[in-house]
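Note that these values count all heavy atoms, side chains included, but never hydrogens, waters or copies made by symmetry.
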Amino acid sequence: MTTATLDTPLAGAYVHPVRDHADADEFLDWLRCPRRVLAVDTETTGLNYFDEVRLVQVGDASDAWVLDPSRHDWLIEQALRGSRRLVAHNAPFDLCHLARVIGSSAAEHLELVEDLGRKTFDTALLSHLLDPRDRSQGGIGHALKDLARHYVDSAAPDGQEVLKDRFRELGLTMSTGWAEIDRWDPDYVRYAGLDAIITTRLFDAILPKVLARGHEDLVEFEHQVQRATTAMTVRGMAVDRHYADQLALELDEERRGAEAEAATYGVDNVNSTAQVAEALTARGITLTEVTPSGQAKVDRAVLEALDDPLAQAVLEAKTASKALTSWVTPILDAANRDGRCHPRIRTLAARTGRMSISGPPLQQLPARDHRVRSCLIAEPGEVLISVDFSQVELRVLAALSCDPRLMGAFDAGLDIHSATAATIFGPEFTAAHRQVAKAVAFGIVYGGGAATLARQAGVDRLVAEEAILKFNRAYPKVRSWSKGLTSSLAWGSEPFLKTPTGRRIPVDTGTEYRSVNYIIQSTARDVFAGALLQLRAAGLDHYVRLPVHDEVVCSVPAPWAEEIGAEIALVMSGTLGGVPIVADFEVCGARWGDKYAPKD
DNA sequence: ACTAGGAGCGCG
DNA sequence: AAAGCGCGCTCCTAGT
């Protein structure tokens, strides 16, 4: 007697729960049929690394089999190891969880994500190559449902919606439902299985599109990059929990003190901008800046400029609570199982292809206050080092624009901002001149104007205009190249850029000026991603703990820190379009924050 | 109870 | 002529 197959709202899609021996036999028969790819998906109690796997689904375009990992881990292992090709949507999540279903030690988990990863396609990567924008940016989005509706079937069911209703029926919520719903609830199983079927159909629909666009090399490249970062997730980064606990107490004290101070001025919630604005106004302060929606602006810059005790207290309270709620507490939560953070690393997150890290957001820890970074530590007997590209975006600008003077400066190994200052202001330039030169370069890279430059560099508007003019004269091809770039956008219904690696970046109409930044940022990202693969090829990737846009954070044996740092920097270095790309390393110490700590 | 958008803030 | 770019996350507020 086999368990009944479940019908689905999707035509020709059938879901088979695997509950008894007969089901398992049927599944094994099905598994023996040849198919190009096997789709895999998991249902878990939550989105965190150590959350429990409740169901594992494998399927093709018409059938999905839903398995209980606590009972049929051997079947799951057989299906995964026996398949030539796998496909998953956001594969790192599923592979990490599947590795923990099948493997029993951290070393085995690593080996499993490597072995399975080598034969896995990720539809989220393919989708990003076709259109990198998420829904809020006017794109299709990258959720399985969004993609299925766009590329497969406009009537594709929304499992999340159905399950939300089902949870409610059962007295559960979206936060408790995933962990508490009965494993064999028919709706839960039906939509779990359906996701594997939809993933297969999505893959079948978009791989040909990606290849037709000539992205074959990028497909391979991105999957390799993803494998490199998934290994980083599995290895994780060690946390000093005792130190972090202490820091949490310290920050909480700071927050409470500053909040009490703010309360004496009538502000009982420092996070309410409306309340802060009102209290400041009551003190006779006129707030001049406004937000896009017209409210009074009370951000850090505004408050600092006020030099007012209330503003001071609000700043202190917000800084402390931000550190606590955004970083220290999340780091402690993430590390509560094995003392390590295993963050999610999205290798293609931004429109430009830049990576993002979440859970916790380790790319965004404060650099000025070393205390938060100090929660993260090297392996026993090791030190953390950081190896970063020097001025990589400006080097990319030089390579893309082919400006002879800019290229020449990098080729000669000059300090680029000093070189620019010398050209603009003459050989007698001052430190302030260098600052202006640096700000102009940033303005070019970000597509800013004179007004922003004036504000950022703290100079007069006329001075800013003059500096930009002189920069353009110094590096004439930078200007001609950017003009050509923005005016030559592929026009059609959707204007887009093509980067040197062939990446396609949509540019919103009306914001064409962003093209320069997009292509520079995206190219720099690809240089960085390429460096990660170089490290892997050189057998140095096992040291790497995190990618941070233009820098890798590595844990290396303390006695060899200098040697390994130099080796990693060398492997990351190279050239782009004739411009040297240079990486430098710095030894932080046992704690990441040691690099930022005041020395005495 | 849950969602969406704005504001703010940390990083590169 | 003018336009600073890209993220993740938390808190607040208003709306359903």
Side-chain angles (χ1 to χ4, degrees), chain A residues 132-137 164 167-168 171-176 269-277 289-303 314-315 317-327 329-330 343-346 348-369 372-373 386 388-389 391-393 439-457 461 464-465 468 482 486 505 507-508 510-522 524-525 528 546-551 553 596:
Chain A
R133 296 169 299 179
D134 57 38
R135 273 161 69 93
S136 66
Q137 295 169 325
K164 197 161 102 184
F167 288 164
R168 217 164 264 161
L172 304 169
T173 67
M174 280 306 266
S175 49
T176 58
N269 185 350
V270 296
N271 286 315
S272 167
T273 48
Q275 210 178 107
V276 172
E289 291 195 66
V290 290
T291 67
S293 72
Q295 297 177 50
K297 193 167 187 177
V298 274
D299 64 8
R300 169 162 228 101
V302 169
L303 293 177
V314 168
L315 278 174
K318 286 178 76 168
T319 303
S321 79
K322 170 108 180 155
L324 202 54
T325 59
S326 291
W327 301 303
T329 308
R344 174 182 180 197
I345 303 172
R346 287 180 64 199
L348 285 176
R351 179 192 299 237
T352 54
R354 281 239 274 193
M355 302 182 190
S356 74
I357 301 187
S358 56
L362 299 182
Q363 280 180 330
Q364 289 128 272
L365 307 191
R368 287 171 70 189
D369 181 346
V372 174
R373 282 188 195 234
S386 106
D388 73 320
F389 284 129
Q391 313 288 358
V392 66
E393 292 190 331
V440 177
F442 262 92
I444 301 287
V445 169
Y446 288 150
T452 326
L453 172 61
R455 184 156 32 86
Q456 296 286 325
R461 161 113 201 193
E465 276 172 14
I468 292 173
S482 2
T486 39
I505 305 178
V507 179
D508 297 342
T511 63
E512 289 79 6
Y513 70 92
R514 292 179 182 168
S515 305
V516 171
N517 176 256
Y518 285 171
I519 200 166
I520 292 175
Q521 190 180 99
S522 188
R525 179 274 181 198
F528 179 72
L546 289 176
V548 192
H549 303 308
D550 65 350
E551 141 185 42
V553 178
Y596 305 86

Exercise for the section: Look at all strands and tell whether I357(A) reaches a base, only sugar-phosphate, or nothing, counting heavy atoms closer than 4.0 Å. Expected result: sugar-phosphate
Problem - Positional range of nucleotides in DNA chain B within the contact set of chain A, heavy-atom, under 4.0 Å - result: dC2(B) to dG12(B)
Completion exercise
Counting primed atoms, P, OP1 and OP2 as sugar-phosphate and everything else as base, the B/S/- map of nucleotides 10-16 of chain C against protein heavy atoms under 4.0 Å is SSSS---
Practice task
Examine the side chains of S386(A) and D388(A) and answer whether a donor and an acceptor come within less than 3.5 Å of each other.
Solution key: no
Exercise for the section: Remember a base hit wins even if backbone is also touched, and classify Q456(A) as base, sugar-phosphate or nothing at under 4.0 Å, heavy atoms. Expected result: base
Practice task
For P292(A), answer base if it contacts any base atom (sugar-phosphate contacts may also be present), sugar-phosphate if it contacts only those atoms, and nothing otherwise; contact means non-hydrogen atoms under 4.0 Å.
Solution key: sugar-phosphate
Exercise for the section: Calculate the interatomic distance between R354(A) atom CZ and dG8(C) atom C1'; express it in whole Å. Expected result: 13 Å
Exercise for the section: Determine: side-chain N/O of Y513(A) to OP1/OP2 of dA1(C), distance under 4.0 Å, yes or no. Expected result: no
Exercise for the section: Could you please spell out the steps behind the side chain to side chain contact (heavy atoms under 4.5 Å, CB included) verdict for Y596(A) and R373(A)? Expected result: CA-CA 8 Å; Y596(A) 305 86; R373(A) 282 188 195 234; 3.1 Å; yes
Exercise for the section: Give the rounded distance in Å between these two atoms: CD of E465(A) and C1' of dA3(C). Expected result: 14 Å
Exercise for the section: May I ask you to say what V298(A) touches in the nucleic acid, namely base, sugar-phosphate or nothing, with a heavy-atom cut-off under 4.0 Å? Expected result: sugar-phosphate
Practice task
Return the value, rounded to whole Å, for the distance between atom OH of Y518(A) and atom C1' of dA3(C).
Solution key: 12 Å
Exercise for the section: Would you mind classifying the nucleic acid contact of A439(A) as base, sugar-phosphate or nothing, using non-hydrogen atoms under 4.0 angstrom? Expected result: base
Practice task
Under 4.0 Å between any heavy atoms, over every strand shown, what does R373(A) touch: base, sugar-phosphate, or nothing? Just pick one.
Solution key: sugar-phosphate
Problem - Non-hydrogen side-chain atoms of T319(A) and R300(A) separated by less than 4.5 Å - result: yes
Exercise for the section: Report the C-alpha distance between R461(A) and E465(A) in whole Å, list the side-chain angles of each, state the deciding distance to 0.1 Å, and finish with yes or no for side chain to side chain contact (heavy atoms under 4.5 Å, CB included). Expected result: CA-CA 6 Å; R461(A) 161 113 201 193; E465(A) 276 172 14; 3.0 Å; yes
Exercise for the section: Have a look at Q363(A) and say if it touches a base, only the backbone sugar-phosphate, or nothing, with a 4.0 Å heavy-atom cut-off. Expected result: sugar-phosphate
Handout entry: Y446(A) side chain near dG6(C) phosphate (N/O to OP1/OP2, under 4.0 Å)
Key = no
Exercise for the section: Verify, without hydrogens or angle tests, whether Q363(A) (side chain) and P547(A) (backbone) share a donor-acceptor contact under 3.5 angstrom. Expected result: yes
Exercise for the section: For L453(A), answer base if it contacts any base atom (sugar-phosphate contacts may also be present), sugar-phosphate if it contacts only those atoms, and nothing otherwise; contact means non-hydrogen atoms under 4.0 Å. Expected result: nothing
Exercise for the section: Give the C-alpha distance, both sets of side-chain angles, the deciding distance and a yes or no for side chain to side chain contact (heavy atoms under 4.5 Å, CB included) between I519(A) and I505(A). Expected result: CA-CA 8 Å; I519(A) 200 166; I505(A) 305 178; 5.8 Å; no
Practice task
Identify whether any heavy atom of R368(A) sits under 4.0 Å from a base atom; if not, whether one sits that close to sugar-phosphate; answer base, sugar-phosphate or nothing.
Solution key: sugar-phosphate
Exercise for the section: In whole angstrom, give the distance that lies between atom CD1 of I444(A) and atom P of dA2(C). Expected result: 14 Å
Practice task
Under 4.0 Å between any heavy atoms, over every strand shown, what does M355(A) touch: base, sugar-phosphate, or nothing? Just pick one.
Solution key: nothing
Handout entry: H549(A) side chain reached by F528(A) side chain, heavy atoms, under 4.5 Å
Key = no
Practice task
Taking the side chain as every heavy atom from C-beta outward, state whether N517(A) and V445(A) have any atom pair closer than 4.5 Å.
Solution key: yes
Problem - Donor-acceptor contact below 3.5 Å, side chain T352(A) vs main chain S522(A) - result: no
Practice task
Please assess R133(A) against D508(A) for the test side chain to side chain contact (heavy atoms under 4.5 Å, CB included), listing each intermediate value before the final yes or no.
Solution key: CA-CA 11 Å; R133(A) 296 169 299 179; D508(A) 297 342; 4.1 Å; yes
Handout entry: pair K318(A)-V276(A): side-chain heavy atoms closer than 4.5 Å
Key = no
Exercise for the section: State, without any angle test, whether E512(A) and T486(A) hold a side-chain donor-acceptor pair at a distance under 3.5 Å. Expected result: no
Problem - For DNA chain C, stems built from three or more consecutive Watson-Crick or G-U wobble pairs below 3.5 Å - result: B:1-12 with C:5-16
Exercise for the section: Taking only the side-chain nitrogens and oxygens of R346(A), find out if one of them lies under 4.0 Å from OP1 or OP2 of dG8(C). Expected result: yes
Practice task
For G359(A), answer base if it contacts any base atom (sugar-phosphate contacts may also be present), sugar-phosphate if it contacts only those atoms, and nothing otherwise; contact means non-hydrogen atoms under 4.0 Å.
Solution key: sugar-phosphate
Practice task
Determine: side-chain N/O of S358(A) to OP1/OP2 of dC7(C), distance under 4.0 Å, yes or no.
Solution key: no
Exercise for the section: Please determine if a side-chain N or O atom of R461(A) lies less than 4.0 Å away from the OP1 or OP2 oxygen of dA2(C). Expected result: yes
Practice task
Would you indicate whether the side-chain heavy atoms of V507(A) and Y518(A) approach each other to under 4.5 Å?
Solution key: yes
